[in-house]
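Read through the structure below, which is laid out as C-alpha coordinates, and then see the notes.
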Amino acid sequence: MIDEFAKDNLHGRLRRDREALLWKLDGLSEYDARRPLTATGTNLLGLVKHVAGVEARYFGEVFDRPFPGPLPRWQDHDGNDLWATEDETRGHIIESYRRTWEHSDATIDELALDAPGHVPWWPEPHSNTNLFAILVHVLGETNRHTGHADILREGVDGRTGMRPEHEMQIDEDARTAHCAKIEQAARSAATAKA
(Lines give C-alpha, C1' and ligand atoms only; values in the text may rest on other atoms or scores of the structure.)
Protein backbone atom coordinates (compact mmCIF):
# COMPACT_ATOMS: atom_id res chain seq x y z
CA MET A 1 0.00 0.00 0.00
CA ILE A 2 2.81 2.44 0.87
CA ASP A 3 4.53 1.54 -2.41
CA GLU A 4 1.51 2.59 -4.45
CA PHE A 5 1.17 5.80 -2.44
CA ALA A 6 4.87 6.60 -2.94
CA LYS A 7 4.74 5.78 -6.65
CA ASP A 8 1.58 7.83 -7.22
CA ASN A 9 2.98 10.77 -5.27
CA LEU A 10 6.35 10.81 -7.05
CA HIS A 11 4.74 10.27 -10.43
CA GLY A 12 2.29 13.11 -9.79
CA ARG A 13 5.13 15.46 -8.93
CA LEU A 14 7.00 14.43 -12.07
CA ARG A 15 3.92 15.20 -14.16
CA ARG A 16 3.57 18.60 -12.46
CA ASP A 17 7.19 19.52 -13.14
CA ARG A 18 7.01 18.37 -16.77
CA GLU A 19 4.11 20.74 -17.40
CA ALA A 20 5.87 23.59 -15.57
CA LEU A 21 8.96 23.14 -17.75
CA LEU A 22 6.92 23.32 -20.95
CA TRP A 23 5.01 26.35 -19.69
CA LYS A 24 8.31 28.26 -19.59
CA LEU A 25 8.21 28.27 -23.42
CA ASP A 26 4.70 29.73 -23.70
CA GLY A 27 4.55 33.05 -25.50
CA LEU A 28 8.26 33.24 -26.31
CA SER A 29 9.62 34.04 -29.75
CA GLU A 30 11.77 31.42 -31.48
CA TYR A 31 14.81 33.52 -30.67
CA ASP A 32 14.05 33.86 -26.96
CA ALA A 33 13.26 30.15 -26.63
CA ARG A 34 16.62 29.22 -28.18
CA ARG A 35 19.10 31.96 -27.39
CA PRO A 36 21.91 31.37 -24.87
CA LEU A 37 20.93 32.91 -21.56
CA THR A 38 24.01 31.99 -19.52
CA ALA A 39 27.75 32.02 -20.12
CA THR A 40 27.56 28.26 -20.87
CA GLY A 41 24.78 28.67 -23.44
CA THR A 42 21.88 27.34 -21.36
CA ASN A 43 18.57 28.11 -23.04
CA LEU A 44 14.93 27.23 -22.49
CA LEU A 45 14.27 24.98 -25.49
CA GLY A 46 17.56 23.21 -24.87
CA LEU A 47 16.49 22.39 -21.32
CA VAL A 48 13.33 20.74 -22.65
CA LYS A 49 15.35 18.76 -25.20
CA HIS A 50 17.81 17.66 -22.51
CA VAL A 51 15.17 16.59 -20.00
CA ALA A 52 13.34 14.62 -22.72
CA GLY A 53 16.50 12.67 -23.48
CA VAL A 54 17.28 12.08 -19.82
CA GLU A 55 13.80 10.80 -19.08
CA ALA A 56 13.67 8.59 -22.19
CA ARG A 57 16.93 6.92 -21.27
CA TYR A 58 16.28 6.43 -17.58
CA PHE A 59 12.79 4.97 -18.01
CA GLY A 60 13.83 3.18 -21.20
CA GLU A 61 17.32 1.74 -21.37
CA VAL A 62 17.65 1.26 -17.62
CA PHE A 63 14.67 -1.14 -17.60
CA ASP A 64 15.38 -2.73 -21.00
CA ARG A 65 12.41 -0.84 -22.48
CA PRO A 66 14.15 1.31 -25.14
CA PHE A 67 12.41 4.46 -26.26
CA PRO A 68 10.76 3.70 -29.64
CA GLY A 69 12.24 6.64 -31.51
CA PRO A 70 15.51 8.40 -32.15
CA LEU A 71 17.11 10.19 -29.24
CA PRO A 72 19.60 13.04 -29.38
CA ARG A 73 23.19 12.12 -28.71
CA TRP A 74 23.78 12.36 -25.02
CA GLN A 75 26.57 13.39 -22.73
CA ASP A 76 28.77 14.47 -25.62
CA HIS A 77 31.46 16.96 -24.79
CA ASP A 78 29.87 19.57 -27.05
CA GLY A 79 26.60 19.46 -25.07
CA ASN A 80 24.50 19.03 -28.20
CA ASP A 81 21.61 17.64 -26.15
CA LEU A 82 21.35 21.01 -24.38
CA TRP A 83 20.42 23.24 -27.33
CA ALA A 84 18.22 23.14 -30.41
CA THR A 85 19.74 23.34 -33.86
CA GLU A 86 18.10 25.51 -36.49
CA ASP A 87 16.68 22.32 -38.07
CA GLU A 88 14.93 21.21 -34.86
CA THR A 89 11.58 22.90 -34.48
CA ARG A 90 10.08 23.83 -31.16
CA GLY A 91 7.05 21.71 -32.07
CA HIS A 92 9.25 18.68 -32.75
CA ILE A 93 11.10 19.01 -29.44
CA ILE A 94 7.87 19.48 -27.47
CA GLU A 95 6.21 16.54 -29.23
CA SER A 96 9.28 14.38 -28.55
CA TYR A 97 9.09 15.32 -24.87
CA ARG A 98 5.38 14.44 -24.77
CA ARG A 99 6.08 11.05 -26.42
CA THR A 100 8.73 10.52 -23.77
CA TRP A 101 6.08 11.10 -21.11
CA GLU A 102 3.89 8.37 -22.60
CA HIS A 103 6.79 5.92 -22.70
CA SER A 104 7.97 6.80 -19.20
CA ASP A 105 4.46 6.71 -17.77
CA ALA A 106 3.98 3.19 -19.17
CA THR A 107 7.21 2.05 -17.51
CA ILE A 108 6.21 3.64 -14.19
CA ASP A 109 2.68 2.21 -14.37
CA GLU A 110 3.72 -1.31 -15.36
CA LEU A 111 6.67 -1.87 -13.01
CA ALA A 112 6.78 -2.20 -9.24
CA LEU A 113 8.90 0.28 -7.31
CA ASP A 114 11.43 -2.46 -6.54
CA ALA A 115 11.70 -3.55 -10.20
CA PRO A 116 15.40 -3.93 -10.97
CA GLY A 117 17.17 -1.71 -13.44
CA HIS A 118 20.73 -1.17 -14.63
CA VAL A 119 22.27 2.24 -15.39
CA PRO A 120 25.32 1.50 -17.58
CA TRP A 121 26.61 5.08 -17.32
CA TRP A 122 26.69 5.03 -13.49
CA PRO A 123 29.87 3.75 -11.85
CA GLU A 124 29.94 0.47 -9.91
CA PRO A 125 28.60 -0.42 -7.43
CA HIS A 126 25.75 2.04 -8.10
CA SER A 127 24.75 0.89 -11.58
CA ASN A 128 22.27 -1.72 -10.33
CA THR A 129 19.19 0.07 -9.07
CA ASN A 130 15.39 -0.03 -9.05
CA LEU A 131 12.39 1.95 -10.27
CA PHE A 132 12.04 3.85 -7.00
CA ALA A 133 15.61 5.19 -7.20
CA ILE A 134 15.21 6.10 -10.88
CA LEU A 135 11.89 7.84 -10.25
CA VAL A 136 13.49 9.92 -7.49
CA HIS A 137 16.52 10.65 -9.70
CA VAL A 138 14.49 11.74 -12.75
CA LEU A 139 12.15 13.81 -10.58
CA GLY A 140 15.23 15.56 -9.15
CA GLU A 141 16.66 16.19 -12.61
CA THR A 142 13.35 17.51 -13.92
CA ASN A 143 12.82 19.69 -10.87
CA ARG A 144 16.37 21.06 -11.10
CA HIS A 145 16.06 21.99 -14.76
CA THR A 146 12.57 23.41 -14.28
CA GLY A 147 14.11 25.69 -11.65
CA HIS A 148 16.77 26.71 -14.16
CA ALA A 149 14.02 27.44 -16.67
CA ASP A 150 12.13 29.53 -14.12
CA ILE A 151 15.14 31.75 -13.54
CA LEU A 152 15.94 32.00 -17.25
CA ARG A 153 12.35 32.94 -18.11
CA GLU A 154 12.33 35.58 -15.37
CA GLY A 155 15.43 37.06 -17.00
CA VAL A 156 13.78 37.15 -20.43
CA ASP A 157 10.49 38.84 -19.57
CA GLY A 158 9.94 38.75 -15.81
CA ARG A 159 7.45 35.86 -15.81
CA THR A 160 7.75 33.47 -12.87
CA GLY A 161 5.89 30.56 -11.32
CA MET A 162 4.94 26.97 -12.04
CA ARG A 163 1.52 27.40 -13.63
CA PRO A 164 -0.31 30.21 -15.38
CA GLU A 165 -3.14 30.22 -12.86
CA HIS A 166 -0.69 31.21 -10.11
CA GLU A 167 1.04 33.94 -12.07
CA MET A 168 0.49 37.48 -10.85
CA GLN A 169 0.63 40.62 -12.96
CA ILE A 170 4.08 42.14 -12.94
CA ASP A 171 4.22 45.44 -11.06
CA GLU A 172 7.45 46.88 -12.47
CA ASP A 173 7.64 49.71 -9.93
CA ALA A 174 7.20 47.34 -6.97
CA ARG A 175 9.71 44.89 -8.46
CA THR A 176 12.27 47.66 -9.01
CA ALA A 177 11.79 48.94 -5.43
CA HIS A 178 12.13 45.42 -4.05
CA CYS A 179 15.37 44.77 -5.95
CA ALA A 180 16.74 48.16 -4.86
CA LYS A 181 16.06 47.24 -1.21
CA ILE A 182 17.90 43.92 -1.63
CA GLU A 183 20.79 45.66 -3.42
CA GLN A 184 21.08 48.18 -0.57
CA ALA A 185 21.12 45.39 2.03
CA ALA A 186 23.87 43.60 0.10
CA ARG A 187 25.98 46.76 -0.19
CA SER A 188 25.49 47.58 3.50
CA ALA A 189 26.49 44.06 4.54
CA ALA A 190 29.56 44.16 2.27
CA THR A 191 30.79 47.50 3.68
CA ALA A 192 30.07 46.43 7.27
CA LYS A 193 32.32 43.38 6.80
CA ALA A 194 35.14 45.40 5.20
Side-chain angles (χ1 to χ4, degrees), residues 1-26 28 33-34 42-76 79-85 88-123 126-153 161-165:
M1 183 131 145
I2 190 71
D3 282 359
E4 283 308 306
F5 172 79
K7 185 159 86 166
D8 289 346
N9 193 291
L10 293 170
H11 197 181
R13 290 177 182 275
L14 178 60
R15 286 180 173 125
R16 174 199 69 190
D17 290 349
R18 289 168 173 165
E19 292 289 349
L21 179 57
L22 281 187
W23 180 57
K24 296 303 168 182
L25 295 173
D26 280 1
L28 287 180
R34 297 165 175 271
T42 304
N43 63 84
L44 290 159
L45 192 56
L47 287 172
V48 172
K49 179 181 173 182
H50 173 70
V51 171
V54 166
E55 187 170 323
R57 283 183 172 81
Y58 275 101
F59 290 116
E61 293 172 39
V62 169
F63 297 100
D64 199 24
R65 299 167 61 98
F67 184 73
L71 293 171
R73 291 188 346 245
W74 192 42
Q75 295 183 330
D76 286 346
N80 68 353
D81 69 319
L82 290 164
W83 60 281
T85 68
E88 294 174 308
T89 68
R90 181 190 322 210
H92 172 77
I93 290 172
I94 290 171
E95 179 57 31
S96 176
Y97 190 30
R98 289 189 186 279
R99 281 194 320 274
T100 297
W101 298 357
E102 293 172 12
H103 182 259
S104 300
D105 290 348
T107 297
I108 295 165
D109 290 342
E110 293 172 23
L111 299 179
L113 280 180
D114 63 352
H118 179 77
V119 185
W121 52 90
W122 284 3
H126 308 290
S127 61
N128 290 319
T129 189
N130 60 33
L131 180 62
F132 176 79
I134 295 303
L135 192 50
V136 169
H137 179 79
V138 172
L139 176 60
E141 283 286 313
T142 305
N143 186 272
R144 177 177 180 242
H145 292 309
T146 300
H148 293 148
D150 194 37
I151 291 168
L152 294 177
R153 181 63 189 256
M162 289 191 64
R163 293 187 297 277
E165 63 268 22

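- For the pair V48 and L22, the minimum side-chain heavy-atom distance is below 4.5 Å.
- The backbone N or O of I151 lies less than 3.5 Å from no partner atom in the side chain of K24, so there is not a single donor-acceptor pair.
- The heavy-atom pair separating L82 from N43 by the smallest distance is O-ND2, 3.5 Å.
- Using bins of under 30°, 30° to 60° and over 60° for the plane-to-plane angle, the ring pair W122/Y58 lands in the tilted bin.
- Considering only heavy atoms from C-beta on, W23 stays 4.5 Å or farther from T146 through its side chain.
- Nearest heavy-atom pair across I93 and A84 is CD1-CB, 3.5 Å.
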Checklist entry - What's the verdict on side-chain contact (heavy atoms from CB on, under 4.5 Å) for R16 and N143, showing C-alpha distance, side-chain angles and the deciding distance? => result CA-CA 9 Å; R16 174 199 69 190; N143 186 272; 4.1 Å; yes
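- Atoms OG and NE2, from S104 and H11 in turn, are 7.5 Å apart once rounded to the nearest 0.5 Å.
- We find the CG-CG distance between L44 and D26 to be 11.0 Å, quoted to the nearest 0.5 Å.
- Scanning for side chain to side chain donor-acceptor pair (under 3.5 Å) contacts around D8 gives an empty result, with sequence neighbours left out.
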Checklist entry - How far apart are the C-alpha atoms of E95 and T89, what are their side-chain angles, what is the distance that settles it, and do they pass the side-chain contact (heavy atoms from CB on, under 4.5 Å) test? => result CA-CA 10 Å; E95 179 57 31; T89 68; over 6 Å; no
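- At least one donor-acceptor pair closer than 3.5 Å links the side chain of T142 to the backbone N or O of V138.
- No side-chain donor-acceptor contact under 3.5 Å links R57 to the backbone of F67.
- With a 4.5 Å cut-off on side-chain heavy atoms, L152 and L47 count as touching.
- The closest side-chain heavy-atom distance from H118 to P116 is not below 4.5 Å.
- A heavy-atom distance below 4.5 Å is not found between the side chains of L10 and I108.
- Of the inter-residue distances, the one linking L135 atom CG with H137 atom NE2 reads 11.5 Å to the nearest 0.5 angstrom.
- Across all non-hydrogen atoms, the minimal contact from A6 to L113 is CB-CD1, 4.0 Å.
- Side-chain atoms of R90 come within 3.5 Å of backbone atoms of L25 as a donor-acceptor pair (strictly under, hydrogens ignored).
- Contact of the F59 side chain with the T100 side chain is not registered, since no non-hydrogen atoms from C-beta on lie closer than 4.5 Å.
- Annotation: salt bridge (Lys or Arg N to Asp or Glu O under 4.0 Å) contacts of R18 (sequence neighbours excluded): E55, D105.
- E141 CD to I134 CD1: the interatomic distance, rounded to the nearest 0.5 Å, is 10.5 Å.
- By the 6.0 Å contact criterion, CZ on R13 is open, its count of non-hydrogen atoms from other residues, nucleotides or ligands being 12 or less.
- Going from atom CG of D17 over to atom CZ of R144 covers 14.0 Å, rounded to the nearest 0.5 Å.
- The stretch residues 110-121 participates, sequence neighbours left out, in these salt bridge (charged side-chain N to carboxylate O under 4.0 Å, His left out) pairs: R65-E110.
- Atoms NZ and CH2, on K49 and W83 in that order, are 7.0 Å from each other to the nearest 0.5 Å.
- When atom types are taken as modelled, the side chain of K7 and the backbone of A112 share no donor-acceptor pair closer than 3.5 angstrom.
- Within 6.0 Å of CG on D109 lie more than 12 heavy atoms contributed by other residues, nucleotides or ligands.
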